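The structure presented is a predicted model; accordingly, all values stated were derived computationally and were not measured. Below, chains carry the letters A, B, ... as their sequence lines are ordered, and counting in each starts from 1.
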There are 2 protein chains.
Amino acid sequence: MDVTNHPHDLQTTDCQKVSQVLARIGEKWSVLIIMFLAEKPRRFSEIKRAINGISQRMLTLCLRGLERDGLVKRTVFAAMPPHVQYELTPLGISLTTPVVALGSWAFEHMADIDAARAAFDAEN
Amino acid sequence: MDVTNHPHDLQTTDCQKVSQVLARIGEKWSVLIIMFLAEKPRRFSEIKRAINGISQRMLTLCLRGLERDGLVKRTVFAAMPPHVQYELTPLGISLTTPVVALGSWAFEHMADIDAARAAFDAEN
DNA sequence: CCGAATCCAGTACGATACTG
DNA sequence: CAGTATCGTACTGGATTCGG
């Protein structure tokens, strides 16, 4: 099955799995984290500082999820204080292409969407 | 600001707006609906039948959200029984490119992710 | 046929406090 | 520094019922 040629098969098992994959990308912080790690490996607190508004709890959970899916690799350097490095795996790197494409689209059409929302809300 | 060149600016107002746009795409059914409407305009019940598992409620809410963002156009043909058509706007059509890219990536790497999840769960 | 209204469960997310 | 534990809230999403 090829999603680009068979848009009808939205109810198959394959597409259910695709949905599960997309669900992780749909998480609030995943895209931002992936785009930040795309540049180079980072430490836990570097990510936390870079992504304004994320809580420690959600950063931990989100990184665990990305690690579980094989998109991010976690390396612990035994020392005091602890030093934990996160980096994209090859699979994670391959994700950056479509993710950046989506991010760019979102950025380019931000104004259009804002205007459409304002117009829609004005009517109702 | 260009998201492809300034991955550091994840905390700016612009990126907050991008997050809001991505949130709609992150909704459980949005991508499937957009991909289905990409082929041609459809009626409410056609969409419902095509996307297995979606409830009437969520289809209604999701279509409203897409309409609000100017991605989908809703046309009512006054008649009995009612006939309502949904179609992508030009803005919505421009979204299909990155969305299909993401969908294709998800489909191609489904197996990798499944394997990574199984391996991760086996250790913990 | 195309919804709206209501009710309810699961969970994503945040705030705070605590630990090796 | 890099988490874990606990609690509380808000929202997503499903089931069901009702209406034009």
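Taking the nucleotide of DNA chain C with the nearest heavy atom to each of Pro82(A) and Gly26(A), the more 5' of the two is matched to Gly26(A). Comparing Lys28(A) and Gln56(A) against DNA chain C, the residue whose closest nucleotide sits nearer the 5' end is Lys28(A).
Between Leu88(B) and Leu71(B) the shortest side-chain heavy-atom distance does not fall below 4.5 Å. Under the 4.5 Å side-chain criterion, counting only non-hydrogen atoms from C-beta, Leu22(A) is not in contact with Trp105(B). No side-chain heavy atom of Lys28(A) sits less than 4.5 Å from a side-chain heavy atom of Met58(A). Contact annotation: the side chain of Leu37(A) never approaches that of Glu87(A) to less than 4.5 Å [non-hydrogen atoms, C-beta and beyond]. When side chains are defined from C-beta on, Ile25(B) counts as touching Leu102(A), because their heavy atoms get closer than 4.5 Å.
Listed by chain and number, the residues in a side-chain hydrogen bond (donor to acceptor under 3.5 Å, both in side chains) with Glu67(A) amount to none (sequence neighbours excluded). Partners of Glu108(A) according to the side chain to side chain contact (heavy atoms under 4.5 Å, CB included) rule, which considers only residues two or more places apart in sequence or in another chain, are Ser104(A).
No engagement by Lys48(A) is indicated, since no non-hydrogen atom pair under 4.0 Å with the nucleic acid exists. Within 4.0 Å (heavy atoms only), Phe77(A) reaches no atom of the nucleic acid at all.
With a cutoff of under 4.0 Å to any heavy atom of chain A, the contacted region of DNA chain D is bounded 5' to 3' by dC1(D) to dT6(D). For DNA chain C, the span of nucleotides reached by chain A at under 4.0 Å from its heavy atoms goes, 5' to 3', from dC13(C) to dG20(C).
The overall bend of the helix from dC1(C)-dG20(D) to dG20(C)-dC1(D), read as the angle between its terminal helix axes built from five base pairs each, is 40° when rounded to 10 degrees.
Residues Arg74(A) and Tyr86(A) have side chains that bring a donor and an acceptor to within less than 3.5 angstrom of each other.
Between Glu27(B) and Arg24(B) a salt bridge is recorded (basic side-chain N to carboxylate O distance below 4.0 Å).
Interface residues of residues 57-68 of chain A facing DNA chain D, ordered by number: Arg57(A), Thr60(A), Arg64(A); criterion, heavy-atom separation under 4.0 Å.
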Set out, in order, the CA-CA distance, both residues' side-chain angles and the distance that settles side-chain contact (heavy atoms from CB on, under 4.5 Å) for Val72(B) and Thr89(B), then state yes or no. CA-CA 5 Å; Val72(B) 161; Thr89(B) 63; 5.6 Å; no

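Proximity of a side-chain donor or acceptor of Lys48(A) to a complementary backbone N or O of Leu59(A) within less than 3.5 Å is not detected.
Hydrophobic clustering (ILVMFWY, side-chain heavy atoms < 4.5 Å, transitive): Val76(B) and Ile47(B) are in one cluster. Placement of Phe120(B) and Leu66(A) in two distinct hydrophobic clusters is found when ILVMFWY residues are connected by side-chain heavy-atom separations under 4.5 Å, directly or transitively.
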